[in-house]
Trainee: 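Below is one structure. I have some questions about it.
Here the structure is a predicted model, which means the values were calculated and not measured.
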There are 2 protein chains.
Amino acid sequence: MFSNFNIQNFIYNFSCNCQKVQKKTFSKNQVITTYIQKRNQLCILLSGHADLVRYDLNGNRTIVEHFSKNDLFGEVFYKVTTNNELLVEAKSSCTVLFYIYDEIKSPCSKGCKFHDTLAEHLPELILDKITELNTRIELLTQRTTRDKLLMYFSLISTRKLSKTFELPMSLTDLADYLSVDRSAMMRELKLLKEDNLVDKIGNRIILLYK
Amino acid sequence: MFSNFNIQNFIYNFSCNCQKVQKKTFSKNQVITTYIQKRNQLCILLSGHADLVRYDLNGNRTIVEHFSKNDLFGEVFYKVTTNNELLVEAKSSCTVLFYIYDEIKSPCSKGCKFHDTLAEHLPELILDKITELNTRIELLTQRTTRDKLLMYFSLISTRKLSKTFELPMSLTDLADYLSVDRSAMMRELKLLKEDNLVDKIGNRIILLYK
DNA sequence: AATAATATGTGACTTATGCAACAGAAAAAA
DNA sequence: TTTTTTCTGTTGCATAAGTCACATATTATT
């Protein structure tokens with residue numbers, strides 16, 4: 001995912017003098033963080049699964065992003081502009097590395113290698129984030145639930161290098177991720193099966209088209 | 001829009017030795033650029049209006065982004081991942097500054113001030129882009145056409161600091177931007193008028209709610 | 001192991017949205 | 001100016017998608 005920069009090596013070899021790095025663990029359904037204005041928090045998901053979730057005034061829940069191991073999140077990647085609540089929820093037990101910035105690009109005054117390396121590689125990391133966001137926009141601009149499902153499956157299939165895969169989230173969550181009604185999505189999945197485009201055993205998907 | 005960095009001063013005072021900057025003009029409906037893989041092009045719209053447009057296999061057109069004066073675009077902000085065609089179309093006469101990078105973060109070997117300043121401020125510029133993308137995602141995750149319209153109007157209203165404003169694009173384009181059918185959108189606009197939430201005289205919108 | 005909680009799967013019904021088609025207004029081109 | 005093109009506004013109809021409600025399966029919790 002990350003262009004040239006190996007985030008994994010980086011995370012496991014970091015050293016920090018500035019006391020601004022914290023590692024915390026969370027259990028399922030706990031709120032990992034809420035996004036607020038003017039805070040520059042950067043988080044790395046070391047293990048587990050988590051979602052960036054928004055609740056709107058109508059009670060609709062939207063999964064804005066879905067995070068897996070080594071994914072980065074935090075206000076650094078999401079300047080808060082509207083007043084809808086944004087929070088990151090643990091979908092399973094999670095370990096998270098928290099990092100608070102004063103200034104994004106300036107080097108750390110304490111000579112902290114972690115901070116400096118991160119600042120150096122931030123442009124690449126942000127560009128990767130942009131790619132994800134653009135993909136998400138492409139997904140959301142699909143006009144029908146069917147097209148959203150097919151595109152989503154195609155993305156996962158490409159990522160997993162296989163036409164058969166387990167969904168990385170529950171079907172309930174997938175509906176909130178695609179921004180469609182769950183039961184309507186289930187109906188469409190049934191139609192996709194009937195049309196022999198997709199097979200489905202529980203949460204395992206098998207793409208049948210070439 | 002741009003955090004600390006004044007893009008306007010920057011553009012009008014640039015100097016460049018590396019011959020990689022070009023200024024071009026376009027007339028309405030001309031294709032300014034197409035997005036392709038592995039090219040690092042950065043463009044600045046000096047005047048006019050333009051759209052980043054995607055055409056899918058079903059013939060649907062989606063306006064991915066709408067650009068006005070001083071907006072930045074190009075592959076730097078959009079790594080091409082899918083094989084859908086992406087192009088920037090002039091909506092009126094446009095002047096565009098083109099810039100080709102070899103490496104995004106490295107300083108210019110020719111000591112080109114333009115290049116260096118841009119590289120220095122790229123993180124901020126990209127973060128601003130992220131904000132736009134996130135706003136766009138929030139717009140697209142609105143479940144109904146009504147909610148999309150209301151949120152879009154609210155965004156423009158905030159930007160223009162007025163409850164009355166001219167739409168920055170045609171209604172036909174707005175439908176492609178919100179990813180909904182044009183006639184269905186027109187119908188919803190009529191319903192918004194009937195419900196006294198919005199008034200509309202041609203392409204001028206007046207928000208009536210507090 | 002028993003209970004509770006959450007997720008999946010489905011159907012009947014309503015509503016929102018897309019589609020096609022057209023007329024008039026506005027804008028662009030000749 | 002006149003002509004052509006594009007945009008706006010509207011309708012009838014078909015269909016996709018949301019709502020509600022419930023049964024069953026699966027997964028946590030006690």
Side-chain angles (χ1 to χ4, degrees), chain A residues 26-30 48-49 51 53 56 58-63 89-93 140-150 166-195 198-205, chain B residues 26-30 48-49 51 53 56 58-63 89-93 140-150 166-195 198-205:
Chain A
F26 298 87
S27 50
K28 192 179 169 178
N29 293 329
Q30 273 194 296
H49 286 268
D51 288 334
V53 176
D56 70 18
N58 308 323
N60 284 319
R61 184 183 76 139
T62 304
I63 297 180
E89 293 174 343
K91 299 299 292 180
S92 62
S93 339
L140 289 169
T141 52
Q142 300 303 307
R143 304 296 171 103
T144 62
T145 302
R146 170 171 289 225
D147 286 342
K148 285 183 179 178
L149 282 170
L150 288 176
E166 202 73 26
L167 286 172
M169 60 179 99
S170 74
L171 290 163
T172 304
D173 285 352
L174 181 58
D176 288 342
Y177 185 73
L178 300 180
S179 204
V180 296
D181 178 75
R182 186 190 63 84
S183 72
M185 189 191 79
M186 296 298 285
R187 176 175 45 212
E188 197 55 47
L189 277 169
K190 201 166 61 174
L191 294 174
L192 280 169
K193 276 182 82 164
E194 282 170 26
D195 294 350
V198 165
D199 203 3
K200 172 177 173 301
I201 303 147
N203 289 21
R204 170 162 288 271
I205 301 292
Chain B
F26 297 87
S27 49
K28 192 179 168 176
N29 292 330
Q30 274 194 294
H49 287 267
D51 287 333
V53 176
D56 69 20
N58 309 323
N60 284 320
R61 183 182 76 139
T62 304
I63 297 180
E89 293 175 343
K91 299 298 293 181
S92 63
S93 339
L140 290 169
T141 53
Q142 299 303 305
R143 303 296 172 103
T144 62
T145 303
R146 169 171 290 224
D147 286 342
K148 285 183 179 176
L149 282 169
L150 288 176
E166 202 74 26
L167 287 172
M169 60 178 99
S170 74
L171 290 163
T172 304
D173 286 353
L174 181 58
D176 288 342
Y177 185 73
L178 300 181
S179 203
V180 295
D181 178 73
R182 187 190 63 82
S183 72
M185 189 190 80
M186 295 299 283
R187 180 174 40 214
E188 197 56 46
L189 277 169
K190 202 166 63 175
L191 293 175
L192 281 170
K193 276 182 83 164
E194 282 170 24
D195 293 349
V198 164
D199 204 3
K200 171 175 174 299
I201 303 148
N203 289 23
R204 170 161 289 270
I205 301 292

Trainee: A:Ser170 side chain: which of D:dT8, D:dA17, C:dA7 is closest?
Mentor: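 Nearest listed nucleotide: C:dA7.
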
Trainee: Quick test of your reading of the model: are B:Asp195 and B:Arg146 salt-bridged, counting only N-O distances below 4.0 Å?
Mentor: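 Yes.
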
Trainee: Do the side chains of A:Asp173 and A:Lys91 get close enough for a salt bridge, i.e. N-O under 4.0 angstrom?
Mentor: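 Answer for the salt bridge query: yes.
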
Trainee: Could you list all N or O pairs between the protein and nucleotides 22-30 of chain D that sit under 3.5 Å apart?
Mentor:
none

Trainee: With a 4.0 Å cutoff (strictly under), does any side-chain N or O of A:Thr145 reach OP1 or OP2 of D:dA17?
Mentor: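 It does, given that an N or O in the side chain of A:Thr145 lies less than 4.0 Å from OP1 or OP2 of D:dA17.
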
Trainee: Among C:dT10, D:dA16, D:dT19, which nucleotide has an atom closest to any side-chain atom of A:Asp181?
Mentor: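 The listed nucleotide nearest to A:Asp181's side chain is D:dT19.
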
Trainee: Please tell me if the side chains of A:Leu192 and A:Leu150 come closer than 4.5 Å, counting only heavy atoms from C-beta onward.
Mentor: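 A:Leu192 reaches A:Leu150 side chain to side chain.
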
Trainee: Could you grab the distance from atom CD of A:Gln30 to atom OG of A:Ser92, nearest 0.5 Å is fine?
Mentor: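 Rounded to the nearest 0.5 Å, the CD-OG separation comes to 12.0 Å.
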
Trainee: At under 4.0 Å, does any side-chain N or O of B:Asn203 touch on OP1 or OP2 of D:dC7?
Mentor: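 Looking at the OP1 and OP2 atoms of D:dC7, neither is under 4.0 Å from any side-chain N or O of B:Asn203.
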
Trainee: Are A:Leu189 and A:Leu171 side-chain neighbours, meaning at least one heavy-atom pair lies under 4.5 Å?
Mentor: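 They are in contact (side-chain heavy atoms under 4.5 Å apart), so the answer is yes.
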
Trainee: Which nucleotide, C:dT17, C:dG9, D:dG9, lies nearest any side-chain atom of B:Met186?
Mentor: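 Side chain of B:Met186 sits closest to D:dG9.
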
Trainee: Would you classify B:Lys193 as touching base, sugar-phosphate or nothing, given that sugar-phosphate means primed atoms plus P, OP1 and OP2, and contacts are heavy atoms under 4.0 Å?
Mentor: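 Nothing, no heavy atom under 4.0 Å.
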
Trainee: Side chain of B:Ala184, heavy atoms from C-beta onward: which of C:dA7, D:dC7, C:dT17 has the nearest atom to it?
Mentor: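 Shortest atom-to-atom distance from the side chain points to C:dT17.
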
Trainee: With axes from five pairs an end, tell me the bend angle of the helix from C:dA1-D:dT30 to C:dA30-D:dT1, nearest 10°.
Mentor: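 The angle, to the nearest 10 degrees, is 60°.
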
Trainee: Quick one: pull up CD in B:Gln142 and OG1 in A:Thr62 and give me the separation to the nearest 0.5 Å.
Mentor: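 Interatomic distance, B:Gln142 CD to A:Thr62 OG1, rounded to 0.5 Å: 7.5 Å.
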
Trainee: Could you tell me whether B:Ser183 contacts a base, only the sugar-phosphate backbone, or nothing, with contacts defined as non-hydrogen atoms closer than 4.0 Å?
Mentor: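 Counting heavy atoms under 4.0 Å across all strands, the contact made by B:Ser183 includes a base.
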
Trainee: Would you mind reading off the distance between B:Asp195 atom CG and C:dA16 atom P, rounded to a whole angstrom?
Mentor: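 Roughly 11 Å, once rounded to whole Å.
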
Trainee: Any idea which of D:dT8, C:dA7, D:dT11 is nearest the B:Lys190 side chain?
Mentor: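 Given the options D:dT8, C:dA7, D:dT11, the side chain of B:Lys190 is closest to D:dT11.
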
Trainee: Rounded to the nearest 0.5 Å, how far apart are OG1 of B:Thr172 and CE of B:Met185?
Mentor: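 These two atoms lie 7.5 Å from each other.
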
